[in-house]
Amino acid sequence: MFDAVTLPDTSLAERQNILLVDDHLANLVSLEAILSDCGATLLTAATGEAALDLLYLHDVSLVLLDIQLPGMDGYEVLRTMRSQPRTQQIPTLFVTAYSRDEPAIVHGYNTGAIDYILKPVNASILRGKVAQFLELDHTRRSLQNAYSRLAQQKAYYESMLNAADEGVLGLSAEGRVDFANPTALRLLAADPERLLGHSFIEIGHSNEIGPQVHWEQTVFYRYWKARRALHLTDTQLQRLDGVPLPVALSSAPLAGDNGGSVIVFQDISYHKQLEQQLRQQAVTDPLTGLNNRHGFKQALAAGLRRAARANCHLALYFIDLDHFKDINDSLGHDSGDQILGTVAERLRLAVRANDTVSRLGGDEFTVIIDDMETPEYAALVARKMLQALAKPFWHAEQSLSLSASIGIAMFPDNSMDSDKLMLAADLAMYRAKNTGRNTFEFFTPELNIRAKARLMLEQGLRQGLEQQEFLLYYQPQYATDSLQLSGVEALLRWKRKQSSMVMPAVFVPLLEQTGLINTVGEWVIAQAAQQRRLWREQGVLPDDCPLAINLSPRQFESDGLLPALTQAIEQNQLLPMMLEIELTEGMLMKDSPSNSSTLSALRQQGVRLSIDDFGTGYSSLAYLMQFDIDALKIDKSFIDRIAISEKDAAITTSIIQLAHNMQLQVVAEGVETQAQQKILSQLGCDFLQGYLYAQPMPAAQMADFVQQQRHLTKKG
Ligand code: C2E
Ligand code: CA
Ligand code: CA
């Protein structure tokens with residue numbers, strides 16, 4: 001900003017003017033002749049008034065003035081000239097016939113005339129004097145010019161300095177402030193008295209200048225000494241009231257050996273603020289690409305709203321790596337960062353895409369799952385994360401092992417508030433650390449127990465699958481009129497080692513949730529088909545007695561179902577009608593293309609199809625018609641009350657009638673009393689199943705049981 005400026009140069013290129021004043025034409029002519037080659041332009045006037053007029057019109061360097069003039073005399077002209085700024089300075093030479101000692105001359109000096117010359121004029125004296133005066137005038141003009149240029153320049157710089165947005169400080173060679181523009185004063189909250197003459201260190205003590213150093217120790221001094229410019233794009237000064245002022249600053253040495261330096265600085269508080277704001281608004285952690293703390297907070301708030309709306313549980317996991325500091329210390333931060341990147345990746349893969357994984361900083365991560373149906377499920381996910389982190393980490397061709405401690409807090413179970421939930425998860429994480437790391441803990445002990453029990457159950461299920469702890473029990477069905485065996489239902493059991501039999505109500509939902517149901521379900525199909533063949537071979541079951549298999553919704557949607565069924569039928573050389581598949585109303589009502597194609601494929605295969613638990617779901621018989629079903633199984637809850645509730649009896653009656661109208665057979669489940677049997681018989685129910693006839697039993701028992709029954713029915 002201190003580029004040299006070119007100011008208009010009012011140079012002396014024009015010729016100088018000399019004004020000759022005399023009322024005698026002859027005198028004027030002779031003066032003109034004498035001065036014809038003096039280099040100046042000659043102007044002439046015969047009266048004082050004419051002389052003054054010319055003086056106004058022209059820039060005159062010298063006046064040769066006759067004293068005795070008609071009207072206004074020479075003295076009068078001179079006085080008038082001296083009273084006007086424009087003509088005040090013009091040198092005037094009296095041309096007079098008076099002698100030097102006469103009072104008239106003295107009078108002339110008093111009015112400011114510079115010299116006189118006597119008539120008759122001596123040509124060489126006149127030329128000499130005129131040359132002298134012109135030379136003087138020239139010098140005066142040059143000086144005046146230079147002066148006015150300086151004044152202009154000063155005004156220019158001043159206005160620039162005053163208007164500048166930058167603060168400008170002039171420093172002496174000793175580092176004292178000897179100039180400050182208004183912006184500098186404003187930015188430094190200083191008045192000139194307090195600032196000028198003080199050492200720059202007082203305001204400059206900042207990142208660059210410690211508080212107690214000498215001027216000679218500062219970077220500003222070093223650069224100044226080396227005659228180099230210094231640029232600091234992000235530093236700070238200290239205002240006189242002590243408040244730090246972030247600035248971009250440059251310092252440049254001034255010309256001259258002992259010229260100080262000029263410091264120009266710009267207030268960058270606004271940029272800093274903006275930068276800070278941008279930093280805060282960023283939601284991504286640059287190292288892992290996960291959410292940062294800010295992003296996490298937003299995600300948690302949004303997740304809580306979503307969970308509340310959908311009436312779901314939200315699980316918040318606080319994950320802290322165990323002994324991560326050791327890795328950082330031994331391998332260095334870069335390696336630590338790489339491992340954190342891998343941790344982030346593994347956590348992301350351990351959860352579903354719409355769950356939110358964040359890194360709060362350091363080795364702290366969080367996961368938000370906002371659509372959890374049961375809090376117990378949260379434990380399964382935690383274990384999945386621990387397993388994902390338990391795999392060895394490869395770094396620089398060596399294998400490292402890592403573990404984490406996880407704290408879990410649940411909404412709405414533990415808190416509805418995001419901060420409290422975070423605190424709860426954090427506390428739970430510390431408990432996990434204290435429990436011995438590589439584990440997870442829930443915030444509340446009650447949740448902890450439930451979740452852990454469930455986890456053990458799930459672990460047990462997997463183990464059970466491996467160690468063949470599942471088995472099938474069978475419950476016979478009978479024709480209502482003859483009480484002859486008409487079919488058998490296969491019911492799943494889990495016999496855990498050294499423990500009692502576990503019933504499907506406990507473990508089937510868990511198999512569903514974990515997806516294990518598909519594996520177990522395929523086993524059930526294979527096992528049931530094999531049993532059906534054995535019973536066929538042993539003559540336990542006649543060919544028209546189907547063996548019924550239960551399906552769960554997830555199984556119904558699985559691609560493995562049909563191949564498993566086909567394979568089971570083929571391998572055991574069964575007629576398809578020897579197997580029956582029990583569906584639920586829900587499966588049929590869920591209107592998806594894959595469901596209806598599964599259904600028609602089953603139909604084509606020729607297995608019998610029945611609807612289980614009928615009456616508890618949608619119960620739209622008309623709708624069911626289109627699925628081409630063989631039988632309905634009226635739910636046990638109706639049968640239970642059939643003898644005591646007229647309403648239940650009425651419902652059962654109409655179900656049976658409607659089913660028969662549509663050529664469907666009807667099975668009653670859970671028949672326990674003779675009374676129930678009697679009513680069902682009267683209503684024309686086709687088949688009966690229940691404890692009244694037999695409880696579900698192992699296959700081995702079934703043969704004896706059937707044998708015995710035949711014997712009885714034959715006898716009876
Ligand atoms: P479900 O299909 O309705 O099976 C009938 C249930 O009623 C069986 O319970 C049976 O033992 C019970 N039951 C039969 N007669 C009586 C009676 O007179 N009184 C009483 N109180 N109960 C009777 P279980 O074996 O505990 O099975 C429960 C449910 O588990 C089944 O209900 C079925 O939905 C499911 N399940 C059983 N085995 C399998 C399987 O292999 N796969 C699938 N996906 N689900 C199965
Ligand atoms: Ca069933
Ligand atoms: Ca049932």
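Order of appearance sets the numbers: ligands from 1, and atoms from 1 within every ligand.
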Would you please determine whether Arg493 falls within less than 4.0 Å of ligand 1 on a heavy-atom basis? yes
Mind reading off the angle at the Ca ion (ligand 2) between the OE2 atom of Glu489 and the OD2 atom of Asp612, rounded to 10°? 170°
Donor + acceptor pair across side chains of Lys497, Gln463 (<3.5 Å): no
Short version for Gln695: what comes under 4.0 Å of ligand 1, heavy atoms counted, is neither
Please list, in number order, the atoms of ligand 1 under 4.0 Å from a heavy atom of Val524. 41 (O)
Quick one: does ligand 1 sit under 4.0 Å from the side chain of Lys633, the backbone, both or neither, non-hydrogen atoms only? neither
Going by atom types alone, do Tyr473 and Gln695 pair a side-chain donor with an acceptor below 3.5 Å? no
Smallest separation among heavy atoms of Gln605 and Thr566, with atom names: NE2-OG1, 2.6 Å
Sequence neighbours excluded, which residues qualify as salt bridge (Lys or Arg N to Asp or Glu O under 4.0 Å) partners of Asp371? Arg352
N or O contact, Met503 vs ligand 1, cut-off under 3.5 Å: no
Would you check if there is a donor-acceptor pair between the side chains of Thr444 and Asn414 at a distance under 3.5 Å? yes
For Ser552, the atoms of ligand 1 under 4.0 Å from one of its heavy atoms are 44 (N)
Would you mind listing which atoms of ligand 1 come within a distance below 4.0 Å of any non-hydrogen atom of Leu551? 44 (N)
Numbered atoms and elements of ligand 1 in range of Gly670, under 4.0 angstrom, heavy atoms: 15 (N), 16 (C), 17 (C), 18 (O)
Answer with yes or no whether the side chains of Asp417 and Ser415 bring together a donor and an acceptor at under 3.5 Å. no
Yes or no: does Gln689 have any heavy atom under 4.0 Å from an atom of ligand 1? no
One finds that the ligand 1 atoms under 4.0 Å from a non-hydrogen atom of Leu491 are 4 (O), 8 (C), 10 (C), 11 (O), 25 (O), 37 (C), 38 (N)
Numbering as shown, the atoms of ligand 1 that approach Asp613 to under 4.0 Å (heavy-atom distance): 3 (O)
So, 4.0 Å and heavy atoms of Lys636: is ligand 1 close enough to count as a contact? yes
Check whether NZ of the Lys or CZ of the Arg Arg493 lies under 6.0 Å from the centre of the six-membered ring of Phe507 and within 45 degrees of that ring's axis. no
Name whichever N, O or S atom of Glu582 ends up nearest to the Ca ion (ligand 2). OE1
Taking atom types as modelled, find out whether Gln387 and Arg346 have a side-chain donor-acceptor pair closer than 3.5 angstrom. no
Can you check which of Leu492, Thr616, Leu688, Asp612 brings a heavy atom nearest to atom 40 (C) of ligand 1? Leu492
Is Pro696 in contact with ligand 1, taking contact as a heavy-atom separation below 4.0 Å? yes
Using heavy-atom distances, let me know which of Thr673, Ile549, Val671, Asn550 sits nearest atom 43 (C) of ligand 1. Asn550
Restricting to salt bridge (Lys or Arg N to Asp or Glu O under 4.0 Å), what partner residues turn up for Lys647, sequence neighbours left out? none
For Gly690, the atoms of ligand 1 under 4.0 Å from one of its heavy atoms are 15 (N), 18 (O)
For the Ca ion (ligand 2), does an N/O/S atom of Asp613 lie at less than 3.0 Å? no
Got more than 12 heavy atoms from elsewhere within 6.0 Å of CE, Met577? yes
Any nitrogen or oxygen of Glu672 lying under 3.5 Å from a nitrogen or oxygen in ligand 1? Just yes or no. yes
I'd like to know if the side chain of Ser486 pairs up with that of Gln477 as donor and acceptor (distance under 3.5 Å, no hydrogens or angles considered). no
What are the atoms of ligand 1, with element, lying closer than 4.0 Å to any heavy atom of Glu489? 2 (O), 4 (O)
Are Glu489 and Asn550 linked by a side-chain donor-acceptor pair shorter than 3.5 Å? yes
Less than 3.5 Å apart, any donor N or O on the side chain of Asp322 or Ser403 sitting next to an acceptor on the other? yes
